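Taking it in order: structure first as structure tokens, then the write-up.
One is the number of the first residue; the rest follow in order along the sequence. Because the structure is predicted, anything quoted here is derived from the model rather than measured. Whatever order the structure lists ligands and atoms in, that order sets their numbers, starting from 1. As a basis for the values below, the full set of heavy atoms in this structure was taken, side chains included, without hydrogen atoms, waters or symmetry mates.
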Amino acid sequence: MKIDSVIFDLDGVLVFSDKYHYLAWKKMADEIGVYFDEEINNRLRGVSRMASLEIILENYNGAPLSDVQKEELAAKKNGYYRELLANMQPKDVSDNVRYTLDQLKKDGYKIAIGSSSKNTKFILERVGLNGVFDAISDGTNIVNSKPDPEVFLKAAGFLESEPGRCLVVEDSESGIDAAVAGGMFSAAIGDATKCGKSDYCINRLSDLVGILGTDKYCS
Ligand code: B16
Ligand code: MG
């Protein structure tokens, strides 16, 4: 069946706000004396804010935390994160990313965002990508986070496309799992290329233009 839509993860695919997630979580973790490093941070790719906190707290040895205290910690981290995001600018989106989005639109594909982040619209505004996508599905319109397919199924619904006609582009294993669970094609980039579960592995985003132009599922 022919692919007619491409759904992009945001953090780690279109922009590299993952470094800001790391810095913000690190500041919060240091404040409560929890060990946190880049390897643990890699496990947070595509994972919701509260699920990320639970992973970080695997190394917490203090008195049990209530749900309210956990919400406070997550809110504190989000405050640090948004301070860092405020520095993002249009130059934080590479020419390769802008070229790919332009080319796919010219080639007639519908394009959407499928991100776990509740900060998606803020990030898109900061980097000048607001108004570029036909639909945005993000952490504000879902109940279940990746690897549940909800965020991508909602994106397909917003685009009025069938799941089997969508290609998801992801940097996280949980995101590739979500695409597979949703019955969508998937292209892995960055960290997700290691998981071996995607239909395609790409080195840079513009590789999609070639795949969509020549592959048997796409032409
Ligand atoms: P927020 P993506 C995800 O974005 C990040 O990869 C993940 O690290 C983060 O915890 C999640 O968004 C929630 O983000 O705290 O901003 O709501 O990769 O799905 O675009
Ligand atoms: Mg991501």
Side-chain angles (χ1 to χ4, degrees), residues 6-29 36-58 70-86 88 92-93 97 101 111-127 129 132-133 135-155 168-179 181-182 184 186-195 197-198 201-202 205:
V6 184
I7 304 173
F8 294 91
D9 173 55
L10 180 62
D11 175 38
V13 171
L14 301 180
V15 296
F16 294 93
S17 37
D18 38 354
K19 63 182 180 238
Y20 299 132
H21 277 297
Y22 171 73
L23 292 171
W25 281 126
K26 176 78 178 142
K27 189 168 177 182
M28 186 227 73
F36 181 64
D37 63 17
E38 302 228 15
E39 207 176 315
I40 300 170
N41 192 57
N42 263 338
R43 292 174 56 202
L44 312 183
R45 288 179 190 280
V47 176
S48 73
R49 195 180 306 163
M50 292 311 290
S52 296
L53 178 65
E54 291 297 344
I55 290 171
I56 290 167
L57 292 177
E58 286 171 11
K70 288 179 183 176
E71 292 283 352
E72 284 169 3
L73 289 174
K76 190 178 248 199
K77 177 267 174 178
N78 194 50
Y80 299 148
Y81 180 54
R82 284 183 70 102
E83 277 172 24
L84 294 164
L85 289 180
M88 290 192 86
D92 290 312
V93 176
V97 167
L101 297 175
I111 60 172
I113 294 282
S115 168
S116 302
S117 177
K118 293 181 174 166
N119 292 298
T120 294
K121 292 186 180 83
F122 182 58
I123 294 171
L124 293 177
E125 272 166 30
R126 292 300 317 159
V127 300
L129 283 180
V132 168
F133 296 90
I136 295 173
S137 175
D138 64 18
T140 64
N141 62 249
I142 54 169
V143 176
N144 305 299
S145 200
K146 303 165 188 176
D148 189 284
E150 184 179 2
V151 74
F152 296 140
L153 292 175
K154 288 256 166 73
V168 167
V169 190
E170 258 291 347
D171 73 313
S172 71
E173 182 171 358
S174 63
I176 297 294
D177 287 341
M184 298 176 174
S186 60
I189 192 166
D191 210 58
T193 58
K194 297 178 205 153
C195 76
K197 300 176 191 169
S198 59
C201 284
I202 59 175
L205 211 64

Practice problem: Evaluate side-chain contact (heavy atoms from CB on, under 4.5 Å) for Phe8 paired with Val168, printing each intermediate quantity in order. | Solution: CA-CA 6 Å; Phe8 294 91; Val168 167; over 6 Å; no

Using a strict 4.0 Å cut-off to heavy atoms of [X], name the atoms of ligand 1 that fall inside it.
X: Ser115; result: 2 (P), 4 (O), 19 (O), 20 (O)
X: Arg45; result: 6 (O)
X: Tyr81; result: 16 (O)
X: Ser52; result: 10 (O)
X: Leu10; result: 20 (O)
X: Asn119; result: 1 (P), 16 (O)

Quiz item: Where the side chain of Thr193 meets the backbone of Ile189, is there a donor-acceptor pair that is under 3.5 Å apart?
Solution: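 No; zero donor-acceptor contacts below 3.5 Å.
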
Can you tell me the N, O or S atom of [X] that's nearest the Mg ion (ligand 2)?
X: Asp171; answer: OD1
X: Asp11; answer: O
X: Asp9; answer: OD2

Could you report the tightest heavy-atom contact between [X] and [Y], atom names first, then the distance?
X: Pro147; Y: Asp177; result: CB-CB, 3.8 Å
X: Ser116; Y: Ser145; result: OG-OG, 3.5 Å
X: Lys154; Y: Asn141; result: NZ-O, 3.1 Å

Distance from [atom] to nearest protein heavy atom, with residue and atom:
atom: atom 15 (O) of ligand 1; result: Arg49 NE, 2.7 Å
atom: atom 8 (O) of ligand 1; result: Leu44 O, 2.9 Å
atom: atom 18 (O) of ligand 1; result: Asp9 OD1, 2.9 Å
atom: atom 5 (C) of ligand 1; result: Asp11 OD2, 3.2 Å

Self-check item: Cation-pi geometry met for Lys77 and Tyr81 (6.0 Å, 45°)
Solution: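 The answer is yes; both the distance and angle limits are met.
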
Exercise. Please determine if Lys26 forms a cation-pi arrangement with Phe36, meaning its NZ or CZ atom is less than 6.0 Å from the six-membered ring centre and no more than 45° off the ring axis.
Key: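 Not flagged: Lys26 not positioned over aromatic ring of Phe36.
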
Quiz prompt | Nearest option to atom 1 (P) of ligand 1, as decided by whichever heavy atom of Gly12, Gly139, Ser117, Ser17 sits closest | solution =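 The residue whose heavy atom sits nearest atom 1 (P) of ligand 1 is Ser117.
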
Practice problem: Return the option from His21, Glu170, Lys118 holding the heavy atom at the smallest distance from atom 17 (O) of ligand 1. | Solution: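 Result: the heavy atom closest to atom 17 (O) of ligand 1 is in Lys118.
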
Practice problem: Show the numbers, then the answer: is there a side-chain contact (heavy atoms from CB on, under 4.5 Å) between Met184 and Leu153? | Solution: CA-CA 9 Å; Met184 298 176 174; Leu153 292 175; 3.9 Å; yes

Self-check item: Polar contact flag, side-chain donor to acceptor under 3.5 angstrom, Asn78-Asn119
Solution: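 Present: a donor and an acceptor within the cut-off.
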
Quiz item: Is the closest side-chain donor-acceptor distance between Ser17 and Asp11 under 3.5 Å?
Solution: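 Yes.
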
Quiz item: What part of Ser116, side chain, backbone, both or neither, has a heavy atom within less than 4.0 angstrom of ligand 1?
Solution: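 Both parts.
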
Practice problem: Answer with side chain, backbone, both or neither: which part of Val47 has a heavy atom less than 4.0 angstrom from an atom of ligand 1? | Solution: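 The part of Val47 near ligand 1 is the backbone, not the side chain.
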
Exercise. Look at atom CD of Glu39 and say whether more than 12 heavy atoms of other residues, nucleotides or ligands are closer to it than 6.0 Å.
Key: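 Incorrect, the count does not exceed 12.
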
Quiz item: Contact between Lys146 and ligand 1, counting heavy atoms under 4.0 Å?
Solution: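 So Lys146 counts as touching ligand 1.
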
